[in-house]
Amino acid sequence: MNLDRAYNSAIDFAQSHYENFPVISKFLPKEIRKHIAVVYQFARQADDLADEGEVSDELRTKNLELYEKKLELSLNEKPESEFWFALSSTIKTKNLTPKYFYDLIDAFKQDIVKKRYTDSEELLNYCSRSANPVGRIILELYEIRNEKELFYSDQICTALQLTNFYQDVSVDILKGRIYIPITEMKKFGLDDFWIISKKHDENSKKLVTELVQQTDSMFDEGKKLLPSVPFLLRMQLKLTIIGGKKILEKIKMNDYNVVEKRPVLSRRDILESLIKLFVKI
């Protein structure tokens, strides 16, 4: 198997997929990009198995179980393709924690069968496996393993995940999923009908306002990671945080209405984010 070809393929894969924020950024050192690309490919492929296509939940789960088995084989030096060869090479040469990769698959499995969350604790537990491992993997690529830095990374990743949930309320409901906890809705006298009927009122505004403020505070807590990381990674993280906060700002500008219109970043928003990148946030 050709390792260079596998990494180049992973980079092409990452660059061909749209995300709110850049995956393979010029702010990343060249020697790091290939590793982040293959990690991204791993996560994106697993996500697609859990979410894409018109197949049954049973088949989605079986496909993820097969995917997990391929991960296990690759870690035991039995990769079935060049992609798995590259991923196992990254995990071993960079001494990454295999558990993080299994956690991601476990979260994707959960997404297939769990459509509602009772409270914030339950949702944050999901984020700890669906989002936080990615940030921890990136820090490990930079040889950063301090618990304090990992905590700040978790704050950023969880905030990004929650931001994505609020951004996609009108999209997720079409898949039968609601990521706003039941107890949070009840605090404001709301239930699922608010989202299903796309009924935006003062109660839903108060709910989303509180959620946005909480998430914005998590981004602020996560910013404490910035002084501890190398300059180029710091720039990438700043851009990511600015982008996340920009989406929260879009929600605010839309009167906290997340059920009728999905907030998206315009070219102007991206330009403003790039300008903010070089000033204090």
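For clarity, every value in this text was computed on a predicted model and none was experimentally measured. The chain is numbered in sequence order, starting from 1.
In summary, K99 and D103 engage in a salt bridge, as defined by a charged side-chain N under 4.0 Å from a carboxylate O. Using a cut-off of 4.0 Å between Lys/Arg side-chain N and Asp/Glu carboxylate O, K186 and D119 are scored as not salt-bridged. Ion pair E140/K94 not flagged as a salt bridge, since none of the NZ, NE, NH1 or NH2 atoms sits closer than 4.0 Å to an Asp/Glu carboxylate oxygen. The pair E80-K70 counts as a salt bridge, with a side-chain nitrogen and a carboxylate oxygen less than 4.0 angstrom apart. By the 4.0 Å N-to-carboxylate-O rule, D220 lies close enough to K245 to be salt-bridged with it. Salt bridge absent: K109 and D106 never bring a charged side-chain N and a carboxylate O closer than 4.0 Å. Salt-bridge formation is not detected for the pair E149/K224: no Lys NZ or Arg NE/NH1/NH2 atom is positioned less than 4.0 Å from an Asp or Glu carboxylate oxygen. No salt bridge links K252 with E249; every basic N to acidic carboxylate O contact stays at or beyond 4.0 Å. Checked for salt-bridge contact, R136 and D154 meet the test: a charged N lies under 4.0 Å from a carboxylate O.
Looking at D201, its side chain does come within 3.5 Å of a backbone N or O of N203 through a donor-acceptor pair. D255 places no side-chain N or O within donor-acceptor distance of the main-chain N or O of N257, the cut-off being under 3.5 Å. Between the side chain of H200 and the main chain of I195, no donor-acceptor pair closer than 3.5 Å is present. One N or O on the side chain of E122 and one on the backbone of T118 form a donor-acceptor pair closer than 3.5 Å. R116 places no side-chain N or O within donor-acceptor distance of the main-chain N or O of G176, the cut-off being under 3.5 Å. With hydrogens and angles ignored, the 3.5 Å screen pairs no side-chain donor or acceptor of T97 with any backbone N or O of Y100. Of the possible polar contacts, none joining the T215 side chain to the L162 backbone as a donor-acceptor pair under 3.5 Å is found. Looking only at distances, a side-chain donor or acceptor of W194 sits under 3.5 Å from a matching main-chain atom of K199.
Under a hydrophobic-cluster definition in which Ile, Leu, Val, Met, Phe, Trp and Tyr are linked whenever side-chain heavy atoms come within less than 4.5 Å, directly or via other members, V258 and V171 are assigned to different clusters. A chain of hydrophobic side-chain contacts below 4.5 Å, direct or via other Ile, Leu, Val, Met, Phe, Trp or Tyr residues, connects L3 to L96. Both L123 and V113 belong to a single network of hydrophobic side chains, linked directly or stepwise wherever heavy atoms of I, L, V, M, F, W or Y lie under 4.5 Å apart. Side-chain heavy atoms closer than 4.5 Å link hydrophobic residues (I, L, V, M, F, W, Y) into clusters, and following such links, possibly through other members, connects F151 to L160. The cluster map of Ile, Leu, Val, Met, Phe, Trp and Tyr, joined by side-chain heavy atoms under 4.5 Å apart, puts V259 and I196 in the same cluster.
With values rounded to the nearest 0.5 angstrom, L49 atom CG is found 12.5 Å from D111 atom CG. Here the CG atom belonging to N254 is positioned 11.0 Å from the NZ atom belonging to K205, to the nearest 0.5 angstrom. Taken from CG in D172 to CD1 in I180, the straight-line distance is 10.0 Å, to the nearest 0.5 Å. Note that CG of L139 is 5.5 Å distant from CG of L225, once rounded to the nearest 0.5 Å. Interatomic distance, Q41 CD to S9 OG, rounded to the nearest 0.5 Å: 5.5 Å. Atom CG of N63 is separated from atom CZ of R60 by 9.0 Å, given to the nearest 0.5 angstrom.
The 12-atom threshold is exceeded at NZ of K115, counting heavy atoms of other residues, nucleotides or ligands nearer than 6.0 Å. Annotation for E31: atom CD counts as buried by contact number, over 12 foreign heavy atoms lying within 6.0 Å. Within 6.0 Å of NZ in K78 there are 12 or fewer heavy atoms belonging to other residues, nucleotides or ligands.
Side-chain contacts under 4.5 Å among hydrophobic residues (ILVMFWY), followed directly or transitively, place M253 with no other residue at all.
Residues D47 and F108 are in side-chain contact: their nearest non-hydrogen atoms beyond the backbone lie under 4.5 Å apart. Taking the side chain as every heavy atom from C-beta outward, K187 and L207 never approach each other to under 4.5 Å. Side-chain contact check for L150 versus N146: every heavy-atom pair is 4.5 Å or farther apart. In this structure the side chain of Y256 never reaches within 4.5 angstrom of the side chain of L211, judged on heavy atoms. Proximity of Y142 to P230: side-chain heavy atoms (C-beta onward) are separated by under 4.5 Å at one or more points. Residues E221 and Y152 have side chains in contact (heavy-atom distance under 4.5 Å, counting atoms from C-beta outward). The side-chain heavy atoms of S89 and W84, taken from C-beta on, include no pair separated by under 4.5 Å. Under the 4.5 Å side-chain criterion, counting only non-hydrogen atoms from C-beta, I173 is not in contact with K198.
Residues Y67 and F42 place their aromatic rings such that the two centres sit under 6.0 Å apart.
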Query raised in the report: Can you list the steps and then say if Q214 with M218 is a side chain to side chain contact (heavy atoms under 4.5 Å, CB included)?
Result: CA-CA 6 Å; Q214 290 172 350; M218 293 182 75; 5.8 Å; no
Evaluate side chain to side chain contact (heavy atoms under 4.5 Å, CB included) for I112 paired with L64, printing each intermediate quantity in order.
CA-CA 10 Å; I112 296 172; L64 278 173; 3.6 Å; yes
ask   = Could you go step by step and tell me if S130 and Q161 meet the side chain to side chain donor-acceptor pair (under 3.5 Å) rule?
value = CA-CA 8 Å; S130 67; Q161 178 82 88; 2.6 Å; yes
Take N8 and K34 through the test side chain to side chain contact (heavy atoms under 4.5 Å, CB included) and record every step on the way to the result.
CA-CA 7 Å; N8 288 333; K34 65 180 184 180; over 6 Å; no
task: In sequence, state the C-alpha distance, the side-chain angles, and the governing distance for V39 and F101, and then conclude on side chain to side chain contact (heavy atoms under 4.5 Å, CB included).
output: CA-CA 9 Å; V39 170; F101 295 86; 4.2 Å; yes
Next item on the list: Could you check D168 against Y179 for side chain to side chain donor-acceptor pair (under 3.5 Å), going step by step and ending with a plain yes or no?
Entry: CA-CA 9 Å; D168 285 346; Y179 289 101; over 6 Å; no
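E77 and S88 are not linked by any side-chain donor-acceptor pair at a separation below 3.5 angstrom, with hydrogens and angles left out of the test. Side-chain polar atoms of N132 and T158 form a donor-acceptor pair below 3.5 angstrom. For D12 and Y7, the side-chain atoms include no donor-acceptor pair closer than 3.5 Å. The closest side-chain donor-acceptor pair between N125 and R129 falls under 3.5 angstrom. Side-chain atoms of S170 and E260 form no donor-acceptor pair, as typed in the model, at a separation below 3.5 Å.
Residues K92 and S74 come closest through the heavy atom pair NZ-O, 3.8 Å. Looking at every heavy atom in both residues, R145 comes nearest to N95 through NH2-O, 3.0 Å. In this structure, V229 and R234 approach most closely via the heavy-atom pair O-NH2, 3.0 Å. Nearest heavy-atom pair across N2 and D4 is OD1-N, 3.1 Å. V38 and A86 get closest at one heavy-atom pair: CG2-CB, 3.9 Å. Residue T163 comes nearest to G244 through the heavy atom pair CG2-O, 3.8 Å, listed as atom of the first residue, atom of the second, then distance.
With Y117 as the aromatic partner, K114 meets the cation-pi criteria of under 6.0 angstrom to the ring centre and within 45 degrees of the ring axis.
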